[in-house]
Q: 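The structure is given below, and queries will be raised subsequently.
Index from 1, following the sequence. All of these numbers come straight from a predicted model, not from anything done at the bench.
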Amino acid sequence: MKNKFIYFAVLAAMGFASCEPEFDNELSNANYSAGEADFSRYVAVGNSLTAGYMDGTVSRGGQVYSYPNLLSQKFALVGGGEFTQPSYADDINNLGGLTLGGMQIGNTRLVIDFSAGGPEPIAGTSTIEVSNLQAKAYNNMGVPGAKSFHLLASGYGNVAGVAVGMANPYFVRHASTPTATVLEDAMSKNPTFFTNWIGANDVLAYSTSGGAINDNPATTTVDESLIAAADHNATGNMNPATYGGNDITNATVYGGVYTQIINALTSGGAKGVVCTIPNVTSIPYFTTVPYKPLTAQGIGKGLVPAGSTTEQQIAAGTAAMNQLNSQLYTMLDGLFTAYGQPNRVNPLDPTKANPILIHDVDAIDRSTEITGALTPLYGAAIAGQFGAAFGKCRQSASTDLIVLPASSVIGTSNPFATAAMLSVGANKNGVSYPISNKYVLTANEALKATNATSAYNNAIRSIAASKGLAVADMNEIMGRLVSGLRLDDGQIYTANYFAGASNLSTVLFSLDGVHPNARGYAVIANEIIKVINSHYKARLPIHEIGGFPGVTVLGSN
């Protein structure tokens, strides 16, 4: 199904940080300066990163740490005026989430409950009702889920369109009228200065979905059998109205839309900062789950009673791996080897970590060959089921990116496995049944995302140069963060996901693996301030990063 507007894709990627302090001498109130900029009416446009989205939602407590709000605090020191954000006063218990007509349509914010073992939505019911319309433009016009062309779309804030995917529930809450566009509401504030960080969602939804269309169990009994090798890349499609939720925005379309946005924002003489789009494949959402997660102990834990020794777990897992090899892996290895792909699937090795089985839409389809090989053993009908399920499978490689949600799926039962598969244990996602393509971004798919990101950033830099605007190169900054860098507070930060007490103080990402936490948004604000100081000859102080909260940890949920 093609929806004109997309509102619930996983949102935006991010980047931030710097190694060098901006000033040789500490600033004081006496020498703060706006330089060539006028911050009296500051407006921010963008998506979830601009809105202050973190831990999978926007909440009353989280929104205050949006980077535009943090910027406005420093702008106020040099003549910056009032800065307003959409009201979340109705988020009574600071849970986040969304409801529409009393029905929950967005999860509450993620928290870590050590007793539960991993991130989970905080207990409680959201009190943020989409249909309680504010009908008001704000200085922060960041809209979670928005792609570039959504900022120009009339009806994107019409509550009647939310249920059918034709409007954005976040923008609906505060759109000045049902037909107003995001950009029109932003321009109604008559900005003298702006920030614009839009474009991450134009490629992110494709990436977070593993480049795959959604599974359609209503029309197929075999997971992913309807996926075409052409995937959902919209590179050649010039009409955003026909895009699906996971389509990559055409680069020419993006450049044209971006030009319209910048032309409007600068029409009254406003100056501003534009941000480049980070490569989404460098965020924790794609780098946390290893491509080789299968160990004998890991598999064995689910096969022995709680409290069993490590040796007992390893023994049980080793036996399970050997059985899988005899019933499935050796057959697949032999067949793929016979057709010239000796390393497409290899038997499991109980002495080391092993890759998972994945469904790769770009793999050579060997369903016919698998069916033929198994027909003498199982009969044509059952053999056909195996062929359909495993025909495009392979083991994951180091170039594959396993998305964060896969961590809770690997090893679970696949509902598409037939009774015949169950009888030989061929039903566990990633272990004995190919995990859905939506959980893996392959190297081929990642290249499409990278190419699109590069094209968007070229357009951003070119358009900014034509208008004399400052550019905060978040893509370059993110690249440095991945390898680890020391910030102004002396702490070394990396682009890692929360891993317990060992990195609690150095994590800049929230628990959704995509968006910053409060500390991360402060880093983003600082980087933009440094760009403003350099480009517009301003003298603004930066935030003290260590004073901002990190990951939300609860004793119990």
Side-chain angles (χ1 to χ4, degrees), residues 7-8 10-12 14 42-73 76 82-113 119-146 157 159 162 168-176 182 185 508-512 514-522 524-525 543 547-555 557:
Y7 64 90
F8 249 0
V10 179
L11 313 173
M14 61 175 287
Y42 164 49
V43 171
V45 296
N47 50 40
S48 52
L49 291 169
T50 300
Y53 194 104
M54 67 175 75
D55 295 324
T57 189
V58 180
S59 65
R60 175 172 49 82
Q63 185 200 36
V64 299
Y65 298 111
S66 73
Y67 80 81
N69 196 44
L70 298 182
L71 287 176
S72 73
Q73 294 170 10
E82 179 188 23
F83 186 81
T84 59
Q85 302 195 98
S87 175
Y88 278 83
D90 53 348
D91 188 14
I92 299 171
N93 294 316
N94 192 32
L95 302 179
L98 290 173
T99 63
L100 179 64
M103 298 293 293
Q104 182 169 307
I105 62 171
N107 289 333
T108 55
R109 61 187 176 89
L110 296 170
V111 295
I112 285 286
D113 175 2
E120 61 182 15
I122 191 170
T125 302
S126 174
T127 55
I128 305 173
E129 171 57 41
V130 173
S131 62
N132 291 338
L133 306 181
Q134 299 169 28
K136 178 181 178 181
Y138 293 92
N139 295 80
N140 188 341
M141 291 300 298
V143 178
V159 66
V162 173
N168 184 304
Y170 285 101
F171 183 46
V172 163
R173 295 182 71 244
H174 61 85
S176 60
V182 176
D185 275 1
L508 297 178
F509 287 88
S510 71
L511 295 174
D512 59 35
V514 175
H515 300 88
N517 57 27
R519 190 170 296 165
Y521 278 123
I524 291 175
H543 289 276
F548 288 83
V551 174
T552 302
V553 180
L554 299 180
N557 187 13

Q: Residues in ring pair (Phe, Tyr, Trp, His ring centres under 6.0 Å) with Tyr88, at least two apart?
A: none
Q: Any sub-3.5 Å donor-acceptor pair from Asn140's side-chain atoms to Phe83's backbone N or O?
A: no
Q: Heavy-atom distance under 4.5 Å between the side chains of Ile105 and Pro169, does that happen here?
A: yes
Q: Residues in side-chain hydrogen bond (donor to acceptor under 3.5 Å, both in side chains) with Asn139, at least two apart?
A: Thr84
Q: Do Gln104 and Asn107 make a side-chain contact, defined as non-hydrogen atoms from C-beta onward lying under 4.5 Å apart?
A: yes
Q: Search all heavy atoms of Gly62 against all heavy atoms of Ser59 and return the closest pair with its distance.
A: N-OG, 3.0 Å
Q: Considering non-hydrogen atoms only, spot the tightest contact between Gly142 and Ala51 and give its length.
A: O-CB, 3.5 Å
Q: Heavy-atom distance under 4.5 Å between the side chains of Val162 and Phe171, does that happen here?
A: no
Q: Under a 3.5 Å distance rule, please check whether Tyr521 uses its side chain to pair with a backbone N or O of Tyr53 as donor and acceptor.
A: yes
Q: Are the side chain of Ser510 and the backbone N or O of His515 linked by a donor-acceptor pair below 3.5 Å?
A: yes
Q: Do the side chain of Asp91 and the main chain of Leu95 share a donor and acceptor less than 3.5 angstrom apart?
A: yes
Q: Is Tyr67 close to Thr50 at the side-chain level, that is, under 4.5 Å between some pair of heavy atoms?
A: yes
Q: Would you check if the side chain of Ser48 reaches a backbone N or O of Gly145 as a donor-acceptor pair within less than 3.5 Å?
A: no
Q: Could you tell me whether the side chain of Pro516 reaches within less than 4.5 Å of the side chain of Leu49, counting heavy atoms only?
A: yes
Q: Please, which pairs that meet salt bridge (charged side-chain N to carboxylate O under 4.0 Å, His left out) have at least one residue in residues 52-61, sequence neighbours excluded?
A: none
Q: Output the distance between atom CG (Leu70) and atom CD1 (Ile524), rounded to the nearest 0.5 Å.
A: 9.5 Å
Q: So, Gln63 side chain and Pro86 main chain: donor-acceptor pair closer than 3.5 Å or not?
A: yes
Q: Can you list the residues that meet the side chain to side chain contact (heavy atoms under 4.5 Å, CB included) rule with Pro121, with sequence neighbours excluded?
A: Thr108, Leu110
Q: How far apart are the closest heavy atoms of Ala146 and Gly46, and which atoms are they?
A: CB-O, 4.5 Å
Q: Which ring pair (Phe, Tyr, Trp, His ring centres under 6.0 Å) pairs, counting each pair once, include a residue from residues 120-144, with sequence neighbours left out?
A: Tyr138-His174
Q: Is it the case that the side chain of Arg109 and the backbone of Thr57 share a donor-acceptor pair, with hydrogens and angles ignored and the cut-off at 3.5 Å?
A: no
Q: I need the minimum non-hydrogen distance between Phe548 and Arg519, along with the two atoms involved.
A: O-NH2, 2.8 Å
Q: What's the shortest heavy-atom distance between Gly102 and Glu129, and which atoms?
A: N-OE1, 3.1 Å
Q: Quick one: side chain to side chain contact (heavy atoms under 4.5 Å, CB included) partners of Asp90, sequence neighbours excluded?
A: Ile128, Arg173
Q: Going from CE on Met103 to OG on Ser126, what distance comes out if it is rounded to the nearest 0.5 angstrom?
A: 13.0 Å
Q: For the backbone of Ala175 and the side chain of Gln134, can you confirm whether one donor and one acceptor N or O come within less than 3.5 Å of each other?
A: no
